[in-house]
Amino acid sequence: MTGPLVPFREVVLKVHSRCDLACDHCYVYEHADQSWRTRPKTISDEVIFRTAQRLAEHAKTHALPSVSVILHGGEPLLAGPARLRRICEELTSAFDGIAALDLRIHTNGLQLSPRYLDLFSEYDVKVGISLDGDREANDRHRRFADGRSSHPLVLKAVELLRQERYRHLNLGLLCTIDIANDPVAVLDALTELEPPLIDFLLPHATWDDPPPRPDGSPTAYADWLLAVFDRWQEQGRPVPVRIFSSVASTLNGGPSLTESLGLAPTDLVVVETDGRLEQVDSLKSAYEGAADTGFDVFANAFDEVAAHPGVRARQLGLEGVSETCRRCPVVRSCGGGLYTHRYSSAGDGEGFDNPSVYCHDLAALVRGIEARTPADTVAPAVADPVELLAAQEDLTRTLLARLHADLDGRGGERWAAAWELAAALEGSEEGARGLDGVLAHPYTRTWLLDALDALHEDRPEAASQAADGLQTLLAAAAVRAGLDLRVPAPYRDGGLVLPTLGRLTVAGPGERGTVLVRAAGDGFLAAPAAGAAERRIRRSAEAGPGWLPVRGFALPGGPFPGHGFVIDDLDPYRDCFGAPVAPTLDAAAADRLGAALSEAWALIGQRAPAYGAAGTDGPLTFTPLTGLAPGEPSVGRHGYGALGIGADESAGTLALALLRGVRRARFRALVDVTDLYAADGSWEHRMPWREELVPFSRLLADVYERLALAAFDSRYRDGVPQALDTLEGAAELTVGGKRLLALMRKEF
């Protein structure tokens, strides 16, 4: 089996192998594997010591930041306070200075008392309690051997754990599903107890011993859970429910939050009371010895168990599920179901190479939760240009805050003063508006990313680069806001560049220094040093002595009056496209390019009006490049709204470049702020117009771009319907991605 070894981050430590209840659905005592009969009742000192040493050794070898140890059984509280204290002491001692230790215990709660909870508080042992709902639901399975109800004692334990002095230990409630129980009554009974988490568990079953389905419905368990989901929604989601959170996470491109769902590799191992090392103990439901590895803590390291074929099979992600599951569009959320639930002893699928015995339930559950989760609330930026622009601005602000945090005082006085000025600008309406304008500038993002790279790579110029960039941004913001503030701004190679405004020559080539800048009327004043005579600059489209403004042009038919697009051939961070930037244009060349761009927009407006100027999300920044193929734009390392284009192209080729570039830029902006897909590259998909297999991200991006080209030129329509169908049936799509796909179908 391929792939790196996955270290264990979670260990189930069996501290007692007997139980004080006789639950008829227990996989330990009631299912195929009866090895509990030969185990010691209580874990010994030797097993405790060797387990602690082996586990600490494993954590150190793999530099694990933390390891979770779950004290389990049988009923672990039957081990008694003294034995549990010994376990906590040995584990805590072994892990000291190596890794954080997350201790937990799963119990039926019958023996829980202040004596136990005081011990658990001392070692910060979190407590999870098994409870199947109201008394009727719980008594269906969780009874004493003589038939008595366990419900009152469990409630007493839950109430004890809810006391203020023990509340920090409360891990939540584990509820095994029985579809004979009323789902609403079960949820109401559990939420009434205000647990920090509810974990609904499907009863363990296999194809040999399938779960009961009284009405024969293949989705009975999904129907039950969706009834719980609806009630949970109605209640206002008062308590996190792990299975719902996990499905929601994977639908939106995130990780699974439970071993029973999703494609994440398992990182769990079981230590039995005799020191045997086993796979996940739910495998005891499959057949006698299914969980065996042949290893124990006395003779074997945890790495040996991690390399066991049975463990490796549960670490392969997509490769570890059946062929049927690999072709299923919900596999990213369900993950083929719990490994145990795939077992069959007969037919072509002998072993675990099968879909889950709950396959139809899991598919219905995922689709049901998806249908109940409006995509426009999950990914509003997909459909709303205003939301997309706001999300992009938030991203830039987040990067700026991260740069400030990562500098952690290393920026010196210049950074500290600039940061204080930024806060002052934010505090006024005009200043905030000016700051918004420069933060929306695409190349501000380039500066931030470069500054963060320099800082994290410990380059000597990192702090200076950060302070230089922030000072020039703030000078431009103050000018844009019309504020009479003297803001220091550094210049390099004799020129001061104010982002979004232009470049001012203040000294000779190669010279560097600082200019004091303040707004004045329709322009700004600049002085090369304190006390020096100020030079007045008008912010106009006309160049003046030593002043080159960023050139703005009206966007014909566009929603933004005035400067609909700009040609920025001045910003020092515009060299981010992977192609050489063209030299700064003279006035005539800039006018020619502006006219060609305007003509290209007009042409798009005639032939594909939905993709013309009226369909743009906001102002656009064009930077002339050299070496581009005709009609091919470049999207580089910058914020939303910038395109690299050829400087000497005709209106026709520029129209194609604009269509491609605007769509590429918007798609990348969406990917920046919205999870459109997950597990990219796990599958390959055919691209109809090239007969090529590509990852999902490539196909989605190309179809998104091709829709705009097809509206302009019908030759690009070939293959689009087939590609849209492929996208719709793909497992990688998130809820946000499906929202985008629905909009793409409307476009076609």
Original post:
Would you call the rings of Trp415 and Trp419 parallel, tilted or perpendicular, where under 30° means parallel and over 60° means perpendicular?
Top reply: parallel
Original post:
Where the side chain of Ser245 meets the backbone of Val241, is there a donor-acceptor pair that is under 3.5 Å apart?
Top reply: yes
**OP:** Verify the distance criterion only: is there a donor paired with an acceptor across the side chains of Ser246 and Ser249 at less than 3.5 Å?
**Re:** no
Subject >> Gap separating the CG atom of Leu628 from the OG1 atom of Thr626, nearest 0.5 angstrom >> reply: 7.5 Å
Original post:
Tell me, do His685 and Pro695 make a side-chain contact under 4.5 Å, heavy atoms counted?
Top reply: no
Subject >> Pair Arg326 + Glu323: basic N to acidic O under 4.0 Å >> reply: yes
**OP:** Decide side-chain contact (heavy atoms from CB on, under 4.5 Å) for Thr621 and Leu643; before the verdict, give the C-alpha distance in whole Å, the side-chain angles of both, and the deciding distance to 0.1 Å.
**Re:** CA-CA 6 Å; Thr621 298; Leu643 289 179; over 6 Å; no
**OP:** Please name the pair of heavy atoms, one in Leu226 and one in Ala364, separated by the smallest distance, quoted to 0.1 Å.
**Re:** CD1-O, 3.9 Å
**OP:** Would you check if Leu727 and Leu700 make a side-chain contact, meaning some heavy-atom pair closer than 4.5 Å?
**Re:** yes
**OP:** Write down the atom of Leu261, the atom of Ser333, and the distance for their closest heavy-atom approach.
**Re:** CB-O, 3.5 Å
Original post:
Can we say Arg402 and Asp406 salt-bridge, meaning some charged N sits less than 4.0 Å from an Asp/Glu carboxylate O?
Top reply: yes
**OP:** Say whether, by atom type as modelled, one donor and one acceptor occur between the side chain of Ser256 and the main chain of Thr258 under 3.5 angstrom.
**Re:** yes
Subject >> Flag, side chain of Thr472 to backbone of Leu498, donor-acceptor distance under 3.5 Å >> reply: no
Subject >> Salt bridge present between Arg397 and Asp436 (N-O < 4.0 angstrom) >> reply: yes
**OP:** Taking all non-hydrogen atoms of both residues into account, name the closest pair between Leu455 and Leu407 and its distance.
**Re:** CD2-N, 3.7 Å
Original post:
Side chains of Tyr611 and Leu658: closer than 4.5 Å at any heavy-atom pair?
Top reply: no
**OP:** Report, as yes or no, whether the 6.0 Å neighbourhood of atom CD on Glu429 holds more than 12 heavy atoms from other residues, nucleotides or ligands.
**Re:** no
**OP:** Would you check if there is a donor-acceptor pair between the side chains of Arg480 and Thr500 at a distance under 3.5 Å?
**Re:** yes
Subject >> side-chain contact (heavy atoms from CB on, under 4.5 Å) between Leu452 and His456, worked out >> reply: CA-CA 6 Å; Leu452 284 165; His456 298 156; 4.0 Å; yes
Original post:
Ion pair present between Glu426 and Arg433, side-chain N to carboxylate O less than 4.0 angstrom?
Top reply: no
Would you give me the side-chain donor-acceptor pairs under 3.5 Å for residues 598-607, sequence neighbours excluded?
from   : atom 1 : to     : atom 2 : distance (Å)
Ser598 : OG     : Gly594 : O      : 3.0
Arg607 : NE     : Phe712 : O      : 3.4
Arg607 : NH2    : Phe712 : O      : 3.0

Subject >> Any donor-acceptor pair under 3.5 Å from Thr734 side chain to Leu676 backbone >> reply: yes
Original post:
Hey, is the main chain of Ala731 close enough, under 3.5 Å, to the side chain of Arg332 for a donor-acceptor pair?
Top reply: yes
Original post:
Salt bridge check: are Asp725 and Arg745 linked by an N-O gap of less than 4.0 Å?
Top reply: yes
Original post:
For Cys325, does its backbone N or O pair with a side-chain atom of Ser322 as donor and acceptor, under 3.5 Å?
Top reply: yes
Original post:
What residues form a ring pair (Phe, Tyr, Trp, His ring centres under 6.0 Å) with Phe622, not counting sequence neighbours?
Top reply: Phe565
Subject >> Closest heavy-atom pair and its distance - Leu625, Ser634 >> reply: CD1-CB, 3.8 Å
Original post:
Is there a donor-acceptor pair under 3.5 Å between the side chain of Ser464 and the backbone N or O of Glu461?
Top reply: no
**OP:** State the CG-CG distance between Leu593 and Leu654, to the nearest 0.5 angstrom.
**Re:** 6.5 Å
Original post:
Are His638 and Phe577 close enough that their ring centers fall under 6.0 Å?
Top reply: yes
Original post:
Would you call Arg698 and Asp680 a salt bridge, taking side-chain N to carboxylate O under 4.0 Å as the test?
Top reply: no
Original post:
Does any donor atom in the side chain of Ser356 or Tyr339 lie under 3.5 Å from an acceptor atom in the other side chain?
Top reply: no
Original post:
Can you check whether Leu740 reaches Tyr704 side chain to side chain, under 4.5 Å on heavy atoms?
Top reply: yes
Subject >> Rounded distance [0.5 Å steps], CD1 in Ile645 versus CZ in Arg660 >> reply: 14.5 Å
Original post:
Is it true that Asp672 and Arg666 have a side-chain N and a carboxylate O under 4.0 angstrom from each other?
Top reply: no
Original post:
Do the non-hydrogen side-chain atoms of Arg492 and Asp468 ever get within less than 4.5 Å of each other?
Top reply: yes
Subject >> Value rounded to 0.5 Å, distance of CZ in Arg9 from OG in Ser68 >> reply: 12.0 Å
**OP:** Identify the two heavy atoms, one from Val497 and one from Pro499, that lie closest to each other, and give their separation to 0.1 Å.
**Re:** O-CD, 3.5 Å
**OP:** Mind listing the closest non-hydrogen atom pair of Ala451 and Leu403 along with its distance?
**Re:** CB-CD2, 4.0 Å
Original post:
Do the ring planes of Tyr677 and Phe667 sit parallel (below 30°), tilted (30 to 60°) or perpendicular (above 60°)?
Top reply: parallel
Subject >> Trp683: ring pair (Phe, Tyr, Trp, His ring centres under 6.0 Å) partners, not counting sequence neighbours >> reply: none
Subject >> Side-chain touch Val247/Phe229, heavy atoms, less than 4.5 angstrom >> reply: no
Subject >> Candidate pair Leu733 and Phe696, rule side-chain contact (heavy atoms from CB on, under 4.5 Å), full reasoning >> reply: CA-CA 9 Å; Leu733 271 180; Phe696 182 86; 3.4 Å; yes
Subject >> Candidate list Val438, Leu421, Val479, test side-chain contact (heavy atoms from CB on, under 4.5 Å), partner Leu474, passing option >> reply: Leu421
Original post:
Which pairs pass salt bridge (charged side-chain N to carboxylate O under 4.0 Å, His left out) with one or both residues in residues 709-718, sequence neighbours excluded?
Top reply: Asp713-Arg715
Original post:
Say you draw a straight line from CG of Leu362 to CD1 of Ile243; how long is it, rounded to the nearest 0.5 Å?
Top reply: 7.5 Å
Original post:
Do the side chains of Tyr358 and Leu365 get nearer than 4.5 Å, heavy atoms only?
Top reply: no
Original post:
Are Glu393 and Arg445 ion-paired here, with the side-chain N under 4.0 Å from a carboxylate O?
Top reply: no
Could you pull out all donor-acceptor pairs under 3.5 Å where a side-chain atom in residues 381-389 meets a protein atom, sequence neighbours excluded?
from   : atom 1 : to     : atom 2 : distance (Å)
Asp384 : OD1    : Val386 : N      : 2.9

Subject >> Residue pairs fulfilling salt bridge (charged side-chain N to carboxylate O under 4.0 Å, His left out) with at least one residue in residues 565-575, sequence neighbours excluded >> reply: Arg551-Asp569
Subject >> salt_bridge(Arg686, Glu692) N-O dist < 4.0 Å >> reply: no
Original post:
Between the side chain of Asp267 and the main-chain N/O of Pro7, is any donor-acceptor distance below 3.5 Å?
Top reply: no
**OP:** May I ask you to check if Arg706 and Tyr716 form a cation-pi contact, with NZ or CZ under 6.0 angstrom from the six-membered ring centre and within 45° of the axis?
**Re:** no
**OP:** Step through the shown structure and confirm whether more than 12 heavy atoms of other residues, nucleotides or ligands are within 6.0 Å of NE2 on His360.
**Re:** no
Original post:
Less than 4.5 Å apart, any side-chain heavy atom of Lys738 and any of Glu370?
Top reply: yes
**OP:** Take Val550 and Arg503 through the test side-chain contact (heavy atoms from CB on, under 4.5 Å) and record every step on the way to the result.
**Re:** CA-CA 8 Å; Val550 173; Arg503 183 181 190 276; over 6 Å; no
